[in-house]
Amino acid sequence: MPTDTVDVTAGFPVAGPAHGAGDVVVTDLPVGKAVTSIYTGPYDGMTRTYDEIAVWLRKHGLATGADMWEEYLTGPDADPDPTTWQTRIVLPLA
């Protein structure tokens, strides 16, 4: 989860083995159970969704691992209207 500093990895799916070169490093996403949510709206409104996920996790006695990611399903490249943008939030369980 972001704090004062955050390490960011940008990625995209590939259809086969990938190889890094130079500063490019190939990584795999973790496998296992995760909590996911699809947020619809402008990026600056996602905090509420993260807060709701945290409440749900506490209610169910679940904890997440150190890593999490967002998948930008639709965004400004698909539609200039930010109310239509969709982001999948993924938090693997510990």
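FYI, side chains are in, hydrogens and waters are out, and symmetry mates aren't considered; it's all heavy atoms of this structure.
Put simply, W85 and I38 are part of two different groups of oily side chains (I, L, V, M, F, W, Y) that touch within less than 4.5 Å, one to the next. With hydrophobic clusters built from ILVMFWY side chains whose heavy atoms lie under 4.5 angstrom apart, V90 does not share a cluster with Y50. L29 is not connected to L91 by any chain of hydrophobic side-chain contacts under 4.5 Å among Ile, Leu, Val, Met, Phe, Trp and Tyr, and they are in different clusters. Hydrophobic clustering, with ILVMFWY side chains joined whenever heavy atoms are under 4.5 angstrom apart, keeps L73 apart from Y39. Placement of W69 and L57 in two distinct hydrophobic clusters is found when ILVMFWY residues are connected by side-chain heavy-atom separations under 4.5 Å, directly or transitively.
Here the closest non-hydrogen pair linking D81 and D79 is N-OD1, 2.9 Å. Of all heavy-atom pairs spanning V35 and L93, the tightest one is CG2-CD2, 3.7 Å. Counting all heavy atoms, side chain and backbone alike, T49 lies closest to S37 at CG2-OG, 3.7 Å. Residue Y43 comes nearest to G75 through the heavy atom pair OH-CA, 3.7 Å, listed as atom of the first residue, atom of the second, then distance. Residues T40 and Q86 share a closest heavy-atom pair of OG1-NE2, 3.2 Å. Closest approach of P92 and A34 over heavy atoms only: CA-CB, 3.6 Å.
The line from CE of M46 to OG1 of T87 is 4.5 Å long, rounded to the nearest 0.5 Å. Rounded to the nearest 0.5 angstrom, L62 CG and I53 CD1 are separated by 12.5 Å. In this structure, the separation between CD on E71 and OG1 on T36 is 9.0 Å, given to the nearest 0.5 Å.
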I would like to know whether V55 and E52 meet side chain to side chain contact (heavy atoms under 4.5 Å, CB included); could you show each step before the answer? CA-CA 5 Å; V55 168; E52 291 173 358; 5.7 Å; no
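E70 and Y72 share a donor-acceptor pair across their side chains, judged by distance under 3.5 Å alone.
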